Amino acid sequence: MSVNPVNPPRPALVATNEDSFAYITTTSRWPIIVTKIIDDIYKTRHLLDLSEVDKLKEGKEIIDSIGELKYSMQRKKPLIPIEDDGDPDIGTWTYVFNTYFKDDNWYSATWLFTECYLYRRIHSMFARTKHWNDYDPFFRQKEDTFKASYNAIIEIAKRIDELVYIPKLHADNEEINSGRIIFHELVRISLWGNSTDLSLLTNLSYEDINKLQDMGTKKLEELEKNILVNDLEKAWNYISEHRNSRIDIILDNAGFELYGDLVLSDWLIQSGYVKEIYFHAKKIPWFVSDTTPNDFNWILQTLQSEDFFLSASEIEKSFLKKFSNRLQYYIDNSQLILTSDYFWTSPYSYWHLAEQAPNLYADLCKSNLVIFKGDLNYRKLVYDCNWETTTPFKDAIGPLASMKGSPPILTLRTCKADVVVGLEEGTEERLTANEKDWMYSGKYAGFSHYAYNGTTLKMVDIYQLNDSLCQT
Ligand SMILES: O=P(O)(O)OC[C@@]1(O)O[C@H](CO)[C@@H](O)[C@@H]1O
Ligand SMILES: [Mg+2]
Ligand SMILES: [Mn+2]
């Protein structure tokens, strides 16, 4: 492939383009997101005892810093280095900032960088305090939305209860076929769970949430026409051929989406197709709704709780408890393993995975399938560049498609950014004719799969990957 990552494959997505979702995000969405953080800190401060003077004071200081941040992005001010907060990734951030972005502002730097930088800077404001250093300013939103997801959660809990009691795999054709159908259904639930993305849906009503999360069979069928790329059958063939395999899920959003990922994992383990599943969470609060280890532990406790879903009947609670007992069993028996790495919250695209996080990469190479959830993971896989929509997925993921030993990849993504690859000729034109925002409205989705087949040359042998980023 004739792309050299030093000079990126295509121009990067950037907010100077006023027709882009990068621009809409920078001008309109981020100010709302940061204002909500300020509101959240006010709420938490309000609950504090007046004797907690130091914490109250620090809270006020964070509010002031977030206010300054908001002002600087709205006035297109230059980016400034992230202050040292003692986290082990600060060196990477300082290096990348100084090398590539020190002369940039919130619009001129690449969108992928500015957006990651935004969340990393917010984290640093909390991390440098004494009383707020492990505070998640998005937790309240994640918790409230999960509560409002009650209807879909119960429906799905009933469904998984039926599915896991289907007889275990004996490899006869009938069972493989029923496995295939269940896999397709549960992967779709995990996919469409990605619509409940709190960074995109900044103003969700209870009705909106319920509409988004209707995962009945009829609704899933209706949504089928919005799936633009569908390599799911290839991924299924892969799973059904590799019994007792290891799967990795690079998680995206907490709450309802994570719930869908857990449901899929439950079935994959119970059906006997998969032996162990690694869940990769974010180390720090990220893109509003992303899953942190705390969110993961929280959902397990919440599914067990007597009083979280107040209107749940005893039988409904029992479905949730049975489900979470199974999950706890997998955790206790190292079949479901939670892990996290700073690479997932670094500014680097996944073209740099092997070079920036060699241990993580080596570990992922042991996997039979790495599932990347959500939009940001997709953006990072394809270097957040302005690809032609007909570019094959294989080309857009660069080294991950051509390095010997790279694991097979499956992406489950609803389209929420100005980059989509792997489309057939004419699809872009058909969609653009009616819907200017089709690439980022969240209405469309895709499953892209790629497995290294051993015939391509080793990318690193051809192009020495170094520390370049996709520059404008
Ligand atoms: O990764 P997710 O949760 O599916 O989406 C993250 C997201 O909301 O943030 C970015 C824009 O702010 C977009 O890439 C995307 O819409
Ligand atoms: Mg630049
Ligand atoms: Mn997310």
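This one's a predicted model, so the numbers in the text were calculated from it and none came from an experiment. Each ligand, and each atom within it, is numbered from 1 in the order the structure gives.
- Heavy atoms of Trp111 found under 4.0 angstrom from ligand 1 belong exclusively to the side chain.
- Below 4.0 Å from some heavy atom of Asn194 lie the following atoms of ligand 1, by number and element: 4 (O).
- For Arg413 and Phe372, the positive end is not near the middle of the six-membered ring at less than 6.0 Å and at most 45° from its axis.
- Between Glu115 and ligand 1, at least one N/O pair is under 3.5 Å apart.
- Ring planes of Tyr350 and Phe343: tilted class, angle from 30 to 60°.
- A salt bridge links Asp248 to Arg246: at least one charged side-chain nitrogen sits closer than 4.0 Å to a carboxylate oxygen.
- Counting heavy atoms under 4.0 Å from ligand 1, residue Asp375 touches it through both backbone and side chain.
- Residue-ligand proximity, Gly374 to ligand 1, at heavy-atom distances under 4.0 Å covers atoms 4 (O).
- Within the listing of ligand 1, atoms 9 (O) sit less than 4.0 angstrom from a heavy atom of Phe287.
- Taking the six-membered ring wherever Trp is involved, the centroid distance between the rings of Trp387 and Phe393 does not fall below 6.0 Å.
- When each atom of ligand 1 is checked for a heavy atom of Arg29 under 4.0 Å away, the hits are 8 (O), 11 (C), 12 (O).
- At a 3.5 angstrom cut-off on N or O pairs, Arg379 counts as close to ligand 1.
- Among the atoms of Asn377, none of the N or O lies under 3.5 angstrom from an N or O of ligand 1.
- Screening residues 276-298 for salt bridge (Lys or Arg N to Asp or Glu O under 4.0 Å) gives Lys142-Asp295, Lys282-Asp290 as the qualifying pairs, with residues at least two apart or on separate chains.
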Handout entry: Chi angles and distances behind the side-chain hydrogen bond (donor to acceptor under 3.5 Å, both in side chains) call for Asp375, Asn194
Key = CA-CA 8 Å; Asp375 194 75; Asn194 183 242; over 6 Å; no

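- The ring pair (Phe, Tyr, Trp, His ring centres under 6.0 Å) search around Trp93 returns Phe113, not counting sequence neighbours.
- Leu262 CG to Leu336 CG: the interatomic distance, rounded to the nearest 0.5 Å, is 6.5 Å.
- Separation of atoms CG (Leu376) and NZ (Lys416) is listed at 9.5 Å; rounding is to 0.5 Å.
- Close N/O approach between Ala417 and ligand 1 is not found [any backbone or side-chain N/O within under 3.5 Å].
- In this pair, His352 and Tyr383 present their aromatic rings perpendicular. The plane angle is above 60°, beyond the 30 to 60° band.
- Set against the non-hydrogen atoms of Thr25, the atoms of ligand 1 under 4.0 Å away are 12 (O).
- For residue Asn253, an N/O/S atom approaches the Mn ion (ligand 3) to within less than 2.8 Å.
- Within ligand 1, the atoms closer than 4.0 Å to a non-hydrogen atom of Asn253 are 3 (O), numbered from 1 in the order shown.
- Ligand-side atoms of ligand 1 in range of Leu376: 1 (O), 2 (P), range being under 4.0 angstrom from any heavy atom.
- Judged by the shortest distance from any of its heavy atoms, Trp286 lies outside the 4.0 Å radius around the atoms of ligand 1.
- If you look at Arg413 next to ligand 1, there are no close heavy atoms at all, none under 4.0 Å.
- Considering all non-hydrogen atoms of both residues, Ala109 and Phe101 come closest at CB-CD2, 3.5 Å.
- Centred on the Mn ion (ligand 3), the angle running from Asp290 (OD1) to Asp252 (OD1) is recorded as 80°, rounding to 10°.
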